[in-house]
Amino acid sequence: KKGGLVKPLENYFPIAEAITLLLQPHAEVVIHDLKTGKIAAIYNNFSKRSVGDESLIEEIENYTHLPDVFPVYTKINWDGKKIKCASVTLRDKNKKPLGLLC
């Protein structure tokens, strides 16, 4: 929070935390800031990433036409294990993409 104002993505932090509590210990939830290209929040961290790390979402070239929900996809974790992933586009009140909840 800067100057008492809540950054738009911070509104989604409790949702991310609740998802990890529900699915503990099987889900890590990360909120990516599309403006900065960095991780804004991470819950139940098992990928060894941190807030402020690069999001590494270079495969997305154009943020203007992101789907609300991405199809399920897989990634390889740092330990070589395959993990199942899902992502949701987080938008502002004008429907402009702000971030991704993955």
Side-chain angles (χ1 to χ4, degrees):
K1 296 179 185 181
K2 281 189 174 177
L5 298 175
V6 174
K7 296 178 193 172
L9 286 176
E10 289 179 4
N11 291 323
Y12 297 101
F13 290 6
I15 296 166
E17 186 174 6
I19 292 168
T20 59
L21 292 174
L22 179 65
L23 300 174
Q24 195 83 1
H26 305 290
E28 172 184 89
V29 180
V30 180
I31 295 181
H32 300 278
D33 186 332
L34 295 177
K35 185 175 183 180
T36 65
K38 297 187 184 298
I39 293 174
I42 189 165
Y43 297 91
N44 192 38
N45 184 342
F46 54 71
S47 65
K48 296 191 174 185
R49 297 179 293 172
S50 300
V51 170
D53 285 356
E54 293 293 325
S55 288
L56 304 177
I57 50 174
E58 306 88 17
E59 61 268 13
I60 300 174
E61 296 175 12
N62 183 351
Y63 295 150
T64 57
H65 300 293
L66 295 176
D68 289 334
V69 179
F70 289 75
V72 173
Y73 57 96
T74 57
K75 287 200 163 210
I76 304 299
N77 202 11
W78 66 270
D79 58 4
K81 290 183 181 176
K82 189 187 296 188
I83 53 176
K84 187 173 168 181
C85 306
S87 295
V88 175
T89 302
L90 305 175
R91 301 178 189 278
D92 66 12
K93 64 182 178 185
N94 297 316
K95 305 282 188 206
K96 179 183 172 206
L98 297 171
L100 296 175
L101 184 146
C102 303

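Predicted model only: the values in this text are computed from it and were never measured.
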Looking only at heavy atoms, which two atoms of Y73 and S87 are closest? And how far apart? OH-OG, 2.6 Å
Less than 4.5 Å apart, any side-chain heavy atom of F70 and any of C102? no
How long is the span from the CD1 atom in I31 to the OH atom in Y43, to the nearest 0.5 Å? 6.0 Å
Heavy-atom pair of closest approach, residues V51 and A41: CG2-CA, 3.9 Å
Could I get the full list of side chain to side chain contact (heavy atoms under 4.5 Å, CB included) partners for N44, not counting sequence neighbours? T20, Q24, F46
When clusters are formed by joining ILVMFWY residues with side-chain heavy atoms under 4.5 Å apart, either directly or through shared neighbours, do V30 and L56 land in the same one? no
Would you name the heavy atoms of R49 and I42 that are closest together and state the gap between them? O-CD1, 4.0 Å
Check: N45 side chain, S47 main-chain N or O, donor-acceptor pair, under 3.5 Å: yes
CG of L98 to NZ of K93, rounded to nearest 0.5 Å, is 11.5 Å
Under a 4.5 Å cut-off applied to non-hydrogen side-chain atoms, are E54 and K38 in contact? yes
Distance-only, no hydrogens or angles: does the D33 side chain make a donor-acceptor pair with backbone N or O of K35 under 3.5 Å? yes
Does L34 reach the side chain of L66, with side-chain heavy atoms less than 4.5 Å apart? yes
Going by heavy atoms in the side chains, are T89 and L100 under 4.5 Å from each other? yes
Would you say the side chain of R91 lies within less than 4.5 Å of the side chain of D68, judging by non-hydrogen atoms? yes
Under 4.5 Å between side-chain heavy atoms, hopping through other hydrophobics if needed: is there a path connecting V29 to L23? yes
Same cluster for L22 and L101 if Ile/Leu/Val/Met/Phe/Trp/Tyr side chains link at under 4.5 Å? yes
OH (Y12) and CG (L90) are apart, to the nearest 0.5 Å, by 5.0 Å
Any non-hydrogen side-chain atom of K81 less than 4.5 Å from a side-chain atom of I76? no
Got D92 and P8 here, is their nearest side-chain heavy-atom distance under 4.5 Å? no
Return the CG to CD1 distance between N77 and I83, rounded to the nearest 0.5 Å. 4.5 Å
